[in-house]
Amino acid sequence: MRLSIFARLSISYLILFSTLAGISLYFIYHLDQFNKITRSIILNDTSILKYSNQLTDALLSASRNDRKYVILKDEKLYENCLKAGNEFNDLLNDALTKANSEEIVQFFHTIKVQHQNFMGLVNTEQKLIKTAKPYPTNWYAEEKKKTADNIIRQLKKTRIASELNIFNKIFTMSESGDTAKKISIMISLFALSACLIIAFVITRSIKKPLDMMKKKTIDISQGNLKGDLDITSPPVMAELASAINRMCHKLQEVDDIKSDFFSDMSHELRTPLTSIKEGTSMLLDGLGGEITEKQKHILSIVIQESNRLITLVNSLLDLSKMEAGMLKYQFKPQELSGLVKVSLISLAPLAEAKNITIENKVGTLPLVKVDQARILQVFRNLIGNAIKFTHERGSIKIDANVKGDAIEIEICDNGIGILKEDIERIFLKFQQVTPAQGERAKGTGFGLATVKQIILAHGGKVWATSQIGEGSTFYITLLLAA
Ligand code: ADP
């Protein structure tokens, strides 16, 4: 997917935002439901309870006034009874508008009929009282009591039904609250995991090309220019990667030109240098006539320096050939301890001059398949460096052990050490790192580059560990001959 970093981040934020908005909407919906139920409890159910209490009071007041009227025959009491009856009717009509269940509506209708009966009895009795004729007083009293009791029973039922309604609503609310809680936890967990996965995928899609570029830049800094970066997305990183690739190609071109130049130069230098050396030797042998002791001394210095230059030019030429893959190796099974001893013999004067003790722990080992001359060159370089970078009266230890299908050789010194950040760099040609003391060592800076080329050509590995001020250990592996 060729999406820009901006698009990727926008998408992830959009998903995050939509998820949060979804959760919020779900909560808002449920809160609204709770709100509706609470309002219906407050406005309807509790008012039904209030009405049934008021209706009971009105009925009792009517009944009280009626009973007094029957005894005292005071018209005022009869009027009070009628007033309470009307109040009962008004309250009942209001209560009917608030009734929110079929059952309660039914109760109110029954109450209405029974109240009409009650008032009918009251009115008929009043008329009979007014005529002053005898009438069945007890029967009326009983009928009215029965009817009023019925009404009070019905009102009680209404109250119970209303309380039951409230209880059911609270119960429903608590149940749906529980469900909402569970669903919310599930949605939140799901949304959280989804957000984490999306964030991970998007971060990874940005981090992966960054890591690739970081590795490539480290490779470039270590002189490894081979291999193009293959990044197609996000577009801005793809552009950066192709710019890095172009830069590598250019650097490779420059490196090739430099190698060609060194190779040509070495070639060109070798012949005149050999001529200088030969000519000087002839002069020293007296072929040009008699020479004085002083002239002899000067000529031998010229020969020494020519030899040094020829060795240098040869090494440079070798390295160029190695890099171009043009150097021929003669691999033969060899005994490693013998090769180490030979190298040590040639380096002994250097070690003795600095009073450095060399402990050779390399014992009899299986044969390794190597080019003898080149491996001697490797040992001379590594042990030579160990001597060069170790203080007087220091010590060097050489050991070798079989590791899998190879032998691992380690050359350990207690010399000046190498800074951690320089360890990779020293294997590049012309790299001389400045030791902690700040002084720069005498040398060419391509000894370890040559070692690396030779060991790689043998299918082995070379690396180093070091602690500044405490010493360094160089490791090489060589494949077993078997
Ligand atoms: P040189 O000709 O300078 O020895 P090399 O390629 O052999 O070139 O080594 C490169 C650099 O690595 C040296 O200049 C030195 O700074 C560092 N080096 C190599 N071997 C050691 C060692 N045993 N102890 C400390 N520094 C070392």
Side-chain angles (χ1 to χ4, degrees), residues 221-224 255 258-259 262 266 305 307-323 327 340 343-344 346-351 353-361 374-400 408-457 460-476:
S221 74
Q222 290 168 4
N224 181 9
D255 206 46
K258 200 175 73 187
S259 294
F262 279 120
S266 316
E305 289 305 301
N307 275 336
R308 217 169 70 81
L309 268 177
I310 290 169
T311 320
L312 199 76
V313 166
N314 280 340
S315 313
L316 198 57
L317 205 58
D318 277 356
L319 184 59
S320 303
K321 279 188 192 163
M322 282 172 198
E323 284 177 339
L327 197 91
V340 175
S343 329
L344 284 178
S346 64
L347 292 164
L350 286 179
K354 288 177 85 176
N355 259 327
I356 290 173
T357 16
I358 302 183
E359 188 187 355
N360 179 10
K361 293 178 79 179
R374 295 296 161 196
I375 291 304
L376 280 176
Q377 193 180 347
V378 166
F379 286 146
R380 273 199 285 266
N381 256 309
L382 294 178
I383 304 168
N385 275 348
I387 297 171
K388 193 156 62 171
F389 299 106
T390 299
H391 304 294
E392 292 208 359
R393 281 183 293 283
S395 64
I396 295 167
K397 194 182 83 187
I398 305 161
D399 201 357
E408 187 180 286
I409 305 130
E410 55 175 271
I411 296 154
C412 172
D413 64 58
N414 64 352
I416 58 170
I418 306 159
L419 288 170
K420 210 169 175 203
E421 59 266 30
D422 290 332
I423 292 252
E424 296 285 339
R425 207 155 60 80
I426 56 171
F427 291 98
L428 300 177
K429 59 185 173 196
F430 313 120
Q431 294 288 333
Q432 287 187 296
V433 298
T434 314
Q437 297 90 312
E439 55 190 70
R440 230 172 137 84
K442 279 192 198 136
T444 55
F446 54 71
L448 288 179
T450 312
V451 166
K452 189 175 176 184
Q453 289 294 337
I454 295 173
I455 296 299
L456 290 182
K461 282 187 282 183
V462 53
W463 71 99
T465 57
S466 187
Q467 194 70 42
I468 204 83
E470 286 181 20
S472 319
T473 306
F474 282 78
Y475 300 87
I476 52 172

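Numbering of ligands and ligand atoms starts at 1, following listing order. Excluded from the calculations below are hydrogen atoms, water molecules and symmetry mates; all remaining heavy atoms, backbone and side chain alike, are included.
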Problem - Intermediate values then yes/no, salt bridge (Lys or Arg N to Asp or Glu O under 4.0 Å), Asp318 and Lys321 - result: CA-CA 5 Å; Asp318 277 356; Lys321 279 188 192 163; 5.1 Å; no
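Of the inter-residue distances, the one linking Thr357 atom OG1 with Asn414 atom CG reads 8.0 Å to the nearest 0.5 angstrom. Between Ser472 atom OG and Ile416 atom CD1 the span is 7.5 Å, to the nearest 0.5 Å.
Below 3.5 Å of separation, one finds an N or O of Gly447 facing an N or O of ligand 1. On a distance-only criterion, Asn385 and ligand 1 share at least one N/O pair closer than 3.5 Å.
Between the side chains of Arg374 and Gln377, at least one donor N or O lies within less than 3.5 Å of an accepting N or O.
Every residue two or more places apart in sequence or in another chain that forms a side-chain contact (heavy atoms from CB on, under 4.5 Å) with Leu456 is listed here: Lys452. Judged as a ring pair (Phe, Tyr, Trp, His ring centres under 6.0 Å), and not counting sequence neighbours, the contacts of Tyr475 are Trp463.
Within the 4.0 Å heavy-atom cutoff, Asn381 does not count among the residues contacting ligand 1. Gly415 does not count as a contact of ligand 1, since none of its heavy atoms falls under 4.0 Å from the ligand. Ligand 1 is approached by Phe474 to a heavy-atom distance shorter than 4.0 Å.
Atom 26 (N) of ligand 1 has its nearest heavy-atom neighbour, among Ile423, Ile426, Ile418, in Ile418.
For the pair Lys354 and Leu350, the minimum side-chain heavy-atom distance is 4.5 Å or more.
The Ser472 neighbourhood of ligand 1 comprises atoms 24 (N), 25 (C), with distances under 4.0 Å to a heavy atom of that residue. Residue contact check: Lys388 has heavy atoms under 4.0 Å from atoms 1 (P), 2 (O), 4 (O) of ligand 1. Less than 4.0 angstrom separates some heavy atom of Asp413 from each of these atoms of ligand 1: 22 (C), 23 (N).
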